[in-house]
Amino acid sequence: MVNWSEIDAKWQAAWREAKLFEPEPSDKPKFYLTVAYPYVSGPMHIGHGRTYTIPDVIARYKRMRGYNVLFPMAYHFTGTPIVGAAKRVARREPAFVKVLTECYRIPREMLNEFENPKFYAEYFARQSELSYRKGMEKLGHSIDWRREFTTVDPAYSKFVTWQYHKIQAAGLIVKGRHPVKWCPNDGNPVTDHDLLEGEGVEIVEFTLLKYRYGDQILPAATLRPETVFGVTNLWLNPAASYVSVRVGGEDWIVSEQAVDKLRHQGFDVGEVRPVKIDFTKKVEVPLIHKMVPILPASFVDPDNATGVVGSVPAHAPYDHVALLELQENPEILLSYGIDPDEVAAIRPISLIEVPGYGESPAVDVVERLGIRHQKDPRLEEATAEVYRNEFAKGRMRSWVTKYAGMPVSQAKKAVREELLATNEGSTMFEFSAKPVTCRCGSPVVVGVVEDQWFLNYADEGWKRKARDCLARMHLVPPETREQFEHTIDWLHEWPCTRIVGMGTPAPWAPNWIIESLSDSTVYMAYYTISHLLKTVDPNSLTDEVFDFVFYGKGDPQQLSRSTNIDVEKLQRMRREFSYWYPLDYRMSANELIPNHLTFHIFHHALLFPDLCPRGVVSFGIAVLEGQKMSSSKGNIVAIHEAVARYGADTVRLYLMSTVEPWQDFDWRASEALAMQKNLERFVSLAEEIISLPDEKMSTLDQPARWMLSRLQGHIRGATEALDNFETRKATQHSFFMMMQDVRWFMKRESRPEVRAHVLRRVLDVWLRLLAPLVPHICEELWEKLGKQGFVSTADWPAVDERLVDREAELAESFVLRVIDDVAKIIKVMKRQPKKLCLYVAPPWKWRAFQIALEYCRTGAVDLGRLIKEVEEKLELHLAKAELVRLLQQMVQEIRKMPAQELDLAASGVLDEQAVLKEASDFIRGEFSLSEVHVYSADDQSRYDPQHRAALSLPLRPAIYLE
RNA sequence: GCGGGGGUAGCCAAGCCAGGUUGAAGGCGCUGGCUUCAGGAGCCAGUCCCGUAGGGGUUCGGGGGUUCAAAUCCCCUCCCCCGCACCA
C-alpha cells in the first residue's frame with residue numbers, strides 16, 4: 001500500500017519551498033503556455049482537472065527539455081452566471097440550495113454570504129477545499145502562483161481599459177441595436193442560465209409586410225418575404241382579439257398580444273383601441289399592389305409575432321390546407337359575409353421552382369402526407385420540408401420579372417431590402433419556440449437594446465489581420481483550422497457590453513460593463529506582469545504604462561515621474577513581456593473555437609500583430625460515466641474528492657491515459673480504481689528494482705540487449721508523443737508498454753547480476769519518462785533511487801543509439817513466435833508433453849526464402865518463375881510437388897510478416913539455432929517440460945521420430961512434442 | 001441548412017493521412033491457473049468460431065470498386081455527436 005496523500009503533500013511542499021515553478025526571464029529558451037482560466041461559478045471537478053493537467057504535463061515535459069517554462073493561472077469572475085447563481089441563493093431556490101448544501105457541503109448558516117457574488121466567486125476560486133486553487137495544488141500543477149489574479153482586480157480593469165481604448169481608437173467599436181431575451185419583471189436581459197424554461201430558444205427576425213386596409217395597416221409577419229408575389233389572401237384568427245394601435249405615424253392592426261412585444265422592441269407605440277375585423281373588406285398587398293380578401297383561419301397564433309399572416313398556398317402547406325378547408329365549407333365563409341365563389345376561385349400562385357417538386361411544392365407535400373385539416377400537427381414537418389428545399393434549391397420563376405432566376409436564398413434578402421426601402425415593410429423579432437420563462441416566473445419577451453456596443457468583427461481589415469495571424473499558427477488537432485477559418489469569415493458584430501454582471505466599465509460608456517468573453521481576449525499578455533503589478537497602485541496604471549510595457553513606447557524616466565512607479569519596475573515589466581511574448585501555446589476547449597479562441601486571435605492580430613500566439617490546442621469535452629456533468633445540478637466528481645480517494649498521480653495518469661486531449665473524455669470510477677492498482681504495481685516493481693544490488697556492468701545477453709533496445713523505442717515514442725501533445729500515446733509508451741516489457745524482462749532474464757544492472761538503468765530513465773505524468777511518486781522513487789535533485793527538473797532522457805538493437809528485438813520476437821506456436825500445439829493436443837524438439841531451417845531453405853522474398857517485394861508473385869529460379873539456383877534434389885508446397889508456404893509466410901523484420905532476417909543476422917539454444921531453458925520452464933532440444937533440420941543425428949524437420953521454414957522452425 | 005467530428009471485437013480506444021508486423025496495440029471487464037494469515041491484493045495465461053500439431057473459417061456501420069494484398073485508397077449509402085452567438 002502506498003500512502004499517496006503523504007507523498008503528494010511532501011513533494012508539493014518541496015516544490016513550493018524550492019520555488020521550482022516561479023520562472024524569471026533569463027537567457028534560457030522560454031516556453032510560455034496558457035489555458036483558459038476557470039469561470040468560478042462552482043467547484044473544480046474532474047473535467048477541469050483534465051483541462052488543467054494537460055498543460056501541466058506539457059509544461060513539465062518542456063521544463064525537463066531545458067526550457068524556461070511559464071505556466072500561469074487566474075480566475076474569471078466577470079459576467080452574469082456568478083451573479084445569477086448568487087441571486088438564486090438569495091431567492092433560496094430549493095434545488096440550488098440543495099446542491100450547495102448537500103453536494104458541496106456548504107453549511108446552511110453560510111448561505112447568506114453566498115448572496116454576494118464576489119464571495120461566491122472567491123469561495124470557488126481559492127477559498128474552499130472545492131476551489132480551483134486548491135484543486136490545482138492538490139493535483140501538483142506546476143503553476144507560478146505569484147501571477148494569479150481575478151478579472152475584477154482593479155489592475156486588471158486598467159488593463160482592459162487600455163485594451164478597449166486601443167480597439168476604440170482603431171474604430172472597431174460600433175453602436176447599434178440588438179435583440180435580447182428580456183424579463184419585463186426584472187427589467188433586465190436574461191441569459192439561458194436565468195431561464196426556467198425555454199433554454200436554447202433562438203430569436204428569429206420576421207419581416208412585416210404592410211397590407212393596406214383602408215387607412216390602416218395590417219402588418220403580416222413572415223420569414224419568407226420573397227413569397228409576397230404569390231399572396232392570394234390574408235389570414236386573421238377570428239377567435240383572437242385584434243387592436244388598432246398607433247405605431248410611428250401609422251395605424252396598425254395587430255393581435256392584442258403583439259402590442260407589448262412591439263413596445264419592447266423599440267417601436268413608438270401609441271394609443272391602443274379594440275377593433276372589429278371586417279372580413280368583407282379587401283386589403284392591398286405591398287410591393288405588388290393587388291387587392292386580396294381577408295379570410296378566417298384558426299391556425300393563426302395571435303401570440304406569434306403580429307398575429308397577422310399572409311397566405312401563399314403554393315409554398316406554405318398551412319395556407320394551402322386552410323384554403324382547401326374554406327373552399328369545402330362555404331357555410332363558414334357565409335357566416336363572415338364572404339362570397340364563397342370568390343374563395344372557390346382562388347388558386348395557388350407558384351413563384352418558386354424546385355427540382356423534385358411539381359408546380360406547387362406545398363400542394364405536393366400536403367397531398368403526399370394526406371393532410372386535410374389546418375390543425376394537423378404534421379403541417380409543421382411539411383412546412384419545414386418545403387422551407388428547407390425551397391431555400392436550398394429553389395429559384396424564382398421567370399414571371400417574377402425583377403427577381404427571375406434568383407436563388408431563393410438571395411431573393412429573400414433582396415425582397416426584404418426592397419420592402420424596407422419603400423416602407424412597405426418592417427421587421428420584428430420573435431422567439432423560435434415558446435414558452436420562455438424567467439426564473440422569477442415572469443414570461444420573457446424579446447427586448448431590443450438600443451445603444452448596444454459591438455466589437456466590429458465584420459470589419460474586413462480586421463478579418464484579414466486575423467486570417468494572417470491564423471495562417472502562422474500551429475493548430476492541434478489540425479482539423480480545427482477549418483473551424484477557425486469558418487468562424488473568422490462568419491463572425492460579425494459582437495455585442496461586447498452588458499448592463500448587468502461584474503466587470504470593467506466600458507471606457508467610453510461607464511454605465512456599461514465589458515462583457516466577459518470580450519474582457520478575456522489578450523490576458524495572456526497580462527500574466528507576464530501580473531505579479532509585478534501587485535506592488536503597484538492601480539490608479540497609476542495609465543494607458544501610457546501599458547504602452548511602454550507592451551510596445552516599448554515612451555520614456556521610462558518620464559513615465560516613472562508621472563506615475564510614481566519605479567523605473568526599475570517599469571523596465572522589469574517591459575523585460576518580462578518581451579521575454580515571454582509571444583505566447584507559445586494557448587489551450588482551451590474546442591467548443592470555444594467559435595468565440596473565445598477566435599476572439600483571442602482577432603485581438604492579438606490587432607494589438608500585438610507581430611506577437612501572435614504560435615499555437616492553439618483544442619480539448620474535447622469531459623463526461624462522467626457517460627453523462628453530461630453539470631455543476632449546478634451537482635452531478636460531478638470534485639477534484640478534492642478524487643484526489644483524496646485515488647491520489648493525485650492516479651487521477652493525473654487516468655486523465656491523461658484514456659484519450660488524447662482533443663477527444664471527448666469519460667471519467668469512470670471503476671477505471672480510476674483500476675488505474676490506482678496499476679500505479680501501485682508500478683511502485684512495488686520500482687521498489688523491488690531499487691532494492692536490487694547496484695551491480696557493475698557485465699556482458700549483456702540477449703534479453704538484456706532486448707530490454708535496453710525496447711527502452712530506447714519507448715523514449716522515442718514518448719518524446720514524439722509529448723512533442724505532439726499526445727498525452728495518451730505518451731502514457732502508452734511511458735507506462736503501459738514499459739510495464740509489459742519490464743515484466744517480460746524480469747521473467748525472461750535468468751542471470752541476477754544482469755537483471756539488477758539492467759533494471760536499475762531502466763528505472764533511472766523510466767522515472768524521468770513518467771515524471772511529467774505522475775510527478776509525486778517519481779520524485780519519491782527518484783529520491784529512493786539515490787538521485788540528486790528533483791526529477792521534475794532532471795534532464796529528459798535521450799535515445800541512446802548505441803543501445804538500439806534491432807537484432808536483439810528480432811531475436812526476441814522470433815523466440816516469442818516459437819513459444820506461441822508451441823503453446824498452440826499443446827493446446828490442441830490436450831495433454832502435457834515432456835519433451836520439445838525444435839528443428840531450424842537448413843541453409844538452402846534460407847536461400848530459397850531470400851529469392852522468394854525478392855519476388856514478393858515486386859508485388860504479384862509468379863509462382864512458376866519462382867520455382868524455376870529456385871530450382872536453377874539451388875540445384876535441389878527434391879520432388880517437384882514438395883518444392884511447390886514449400887515455396888507456396890514461404891510466400892504465405894512472407895506476406896504475413898512485418899517488412900522490416902523480414903529485411904533484417906533475410907540479411908542473415910539471425911542465428912536461429914543459437915537464439916533458441918539460449919532461450920531453451922526459459923522455454924522449458926514456460927511449458928514445464930523436462931527436455932528441450934534444438935537441431936538443425938539437416939542434422940543427421942537429430943531425434944525426429946515423426947520426420948517433422950522437413951516442415952521447417954526460415955523463422956518458423958519445425959516442432960515436435962512428446 | 002451551414003461548419004466540424006465520428007461509427008473498429010463485451011466496453012473504452014489505437015491503427016486509417018504514407019495499403020502488407022492486422023484476429024487487429026493498450027486499458028477495462030470477464031475466464032482459468034499459481035500464490036496467498038480466500039481480501040475489491042499480487043503474478044501468469046486466455047478471451048470471434050471450429051480444430052487431438054503450429055491450421056482453417058469469418059470480422060473493422062452497410063453496399064460496390066481499385067489491388068497480388070484494404071480497417072487503411074475510390075464511389076454510393078445508413079446512422080451518431082458537437083457548434084451556429086451575446087452563453088461561460
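Residue numbers begin at 1 in each chain, while the letters A, B, ... track the order of the sequences. We use all heavy atoms of the structure for the numbers below, so side chains are in, but hydrogens, waters and symmetry mates are not.
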Engineer: Tell me the interatomic distance from Arg645(A), atom CZ, to rG40(B), atom C1', rounded to whole angstroms.
Structural biologist: 14 Å
Engineer: Identify the nucleotide, in any strand shown, that forms a Watson-Crick or G-U wobble pair with rA70(B), with both distances under 3.5 Å; if there is none, say none.
Structural biologist: none
Engineer: Please tell me which of the listed nucleotides, rA14(B), rG4(B), rC87(B), lies nearest to the side chain of Glu482(A)?
Structural biologist: rG4(B)
Engineer: Heavy atoms from C-beta onward define the side chain here; which of rG54(B), rA88(B), rA13(B) lies closest to that of Lys824(A)?
Structural biologist: rG54(B)
Engineer: Do you know the tightest heavy-atom contact between Pro361(A) and Glu390(A)?
Structural biologist: CG-OE2, 3.2 Å
Engineer: So which nucleotide does rU22(B) pair with, by the Watson-Crick or G-U wobble rule with both distances under 3.5 Å?
Structural biologist: none
Engineer: Which is more 5' along RNA chain B, the nucleotide nearest Arg948(A) or the one nearest Trp744(A)? Just name the residue.
Structural biologist: Trp744(A)
Engineer: Should the ring pair Tyr523(A) and Tyr37(A) be called parallel, tilted or perpendicular, given that the plane angle runs from 0 to 90° and is split at 30 and 60?
Structural biologist: parallel
Engineer: Find the partner of rG1(B): check Watson-Crick (N1-N3 plus N6-O4 or O6-N4) and G-U wobble (N1-O2, O6-N3) distances, both under 3.5 Å, and reply none if neither fits.
Structural biologist: rC84(B)
Engineer: Distance between the C1' atoms of rC43(B) and rC50(B), in whole angstroms?
Structural biologist: 32 Å
Engineer: Take Glu515(A) and His486(A), find for each the nucleotide of RNA chain B with the closest heavy atom, and name the residue whose nucleotide sits nearer the 5' end.
Structural biologist: His486(A)
Engineer: If the P atom of rU59(B) is compared with that of rC48(B), how far apart are they to the nearest Å?
Structural biologist: 16 Å
Engineer: Got a list of protein N/O to nucleotides 19-23 of chain B N/O distances below 3.5 Å?
Structural biologist:
{"unit_1": "rG20(B)", "atom_1": "N2", "unit_2": "Arg895(A)", "atom_2": "NH1", "d": "3.2"}
{"unit_1": "rU21(B)", "atom_1": "OP1", "unit_2": "Lys896(A)", "atom_2": "O", "d": "3.1"}

Engineer: Which part of the nucleic acid, if any, lies within contact of Lys729(A), taking any heavy atom under 4.0 Å across all strands shown: a base, the sugar-phosphate backbone alone, or nothing?
Structural biologist: nothing
Engineer: Rounded to the Å, how far apart are Glu493(A) CD and rC84(B) C1'?
Structural biologist: 16 Å
Engineer: Using a 4.0 Å heavy-atom cut-off across all strands, classify His178(A) as base, sugar-phosphate, or nothing.
Structural biologist: base
Engineer: Write down the distance separating the P atoms in rU66(B) and rA14(B), rounded off to the nearest Å.
Structural biologist: 32 Å
Engineer: For RNA chain B, determine which residues of residues 954-962 of chain A have any heavy atom closer than 4.0 angstrom to one of its atoms, and list them numerically.
Structural biologist: Arg956(A), Pro957(A), Ala958(A), Ile959(A), Tyr960(A), Leu961(A)
Engineer: If you count the non-hydrogen atoms of other residues, nucleotides and ligands that lie under 6.0 Å from NZ in Lys835(A), is the total more than 12?
Structural biologist: yes
Engineer: Just wondering, do Arg956(A) and Asp821(A) contact through their side chains at under 4.5 Å, heavy atoms?
Structural biologist: yes
Engineer: Closest approach to the side chain of Trp494(A), judged atom by atom: which nucleotide of rC84(B), rC87(B), rG54(B) is it?
Structural biologist: rC87(B)
Engineer: Write down the distance separating the P atoms in rG29(B) and rC68(B), rounded off to the nearest Å.
Structural biologist: 46 Å
Engineer: Which whole number of Å gives the distance between the P atom of rU67(B) and that of rC28(B)?
Structural biologist: 44 Å
Engineer: Could you tell me how far rU72(B) sits from rA18(B) if I compare only their C1' atoms? Round to whole Å.
Structural biologist: 11 Å
Engineer: Is the Tyr654(A) ring parallel, tilted or perpendicular to the Trp667(A) ring (thresholds 30°, 60°)?
Structural biologist: perpendicular
Engineer: Tell me whether the guanidinium CZ or amine NZ of Arg748(A) lies under 6.0 angstrom from the six-membered ring centre of Phe922(A) and within 45° of its axis.
Structural biologist: yes
Engineer: If the C1' atom of rG61(B) is compared with that of rC81(B), how far apart are they to the nearest Å?
Structural biologist: 15 Å
Engineer: If you look at every strand shown and take non-hydrogen atoms under 4.0 Å, does Gln892(A) touch a base, only sugar-phosphate, or nothing?
Structural biologist: sugar-phosphate
Engineer: Is there a side-chain contact between Arg924(A) and Leu836(A) (heavy atoms, below 4.5 Å)?
Structural biologist: no
Engineer: Taking atom P of rC68(B) as reference, at what distance in whole Å does atom CG of Leu887(A) sit?
Structural biologist: 21 Å
Engineer: Taking atom P of rC81(B) as reference, at what distance in whole Å does atom CD1 of Ile593(A) sit?
Structural biologist: 20 Å
Engineer: Applying a 4.0 Å non-hydrogen cut-off, can you work out what Val828(A) is touching in the nucleic acid: base, sugar-phosphate, or nothing?
Structural biologist: base
Engineer: Figure out the CD/P separation between Glu688(A) and rG42(B), and round it to whole Å.
Structural biologist: 15 Å
Engineer: Contact class for Leu491(A) (heavy atom, under 4.0 Å): base, sugar-phosphate, or nothing?
Structural biologist: base
Engineer: Do you see a donor-acceptor pair shorter than 3.5 Å between the side chains of Ser928(A) and Gln832(A)?
Structural biologist: no
Engineer: Can you find a pair of side-chain heavy atoms, one from Val616(A) and one from Val476(A), that are under 4.5 Å apart?
Structural biologist: no
Engineer: Figure out the CD/C1' separation between Glu926(A) and rC43(B), and round it to whole Å.
Structural biologist: 12 Å
Engineer: Applying the Watson-Crick and G-U wobble criteria at under 3.5 Å, what pairs with rG42(B)? Answer none if nothing qualifies.
Structural biologist: rC34(B)
Engineer: Please state whether the rings of Phe599(A) and His603(A) are parallel, tilted or perpendicular, taking 30° and 60° as the class boundaries.
Structural biologist: tilted
Engineer: Going by purine N1 to pyrimidine N3 plus the second Watson-Crick contact, or the G-U wobble pair, all under 3.5 Å, which nucleotide sits opposite rG10(B)?
Structural biologist: rC28(B)
Engineer: Taking Arg948(A) for the side chain and Pro945(A) for the main chain, is one N or O donor matched with an acceptor at less than 3.5 Å?
Structural biologist: no
Engineer: Is the cationic atom of Arg755(A) (NZ for Lys, CZ for Arg) positioned less than 6.0 Å from the six-membered ring centroid of Phe745(A) and within 45 degrees of its normal?
Structural biologist: no
Engineer: Closest approach to the side chain of Arg498(A), judged atom by atom: which nucleotide of rA88(B), rG5(B), rC86(B) is it?
Structural biologist: rC86(B)
Engineer: Do other residues, nucleotides or ligands put more than 12 heavy atoms under 6.0 Å from Arg645(A) CZ?
Structural biologist: no
Engineer: What is the distance, rounded to the nearest whole Å, between atom NZ of Lys827(A) and atom P of rG55(B)?
Structural biologist: 12 Å
Engineer: Would Lys747(A) and Glu926(A) pass as an ion pair if we require N to O under 4.0 Å?
Structural biologist: yes
Engineer: When you get a sec, tell me which of rG54(B), rC86(B), rA88(B) is the closest nucleotide to the side chain of Pro81(A)?
Structural biologist: rA88(B)
Engineer: In whole angstroms, how far is the P atom of rC87(B) from the CD1 atom of Ile621(A)?
Structural biologist: 21 Å
Engineer: Once each nucleotide of nucleotides 24-29 of chain B is scored for protein heavy atoms under 4.0 Å, what B/S/- sequence comes out, 5' to 3'?
Structural biologist: -BBSS-
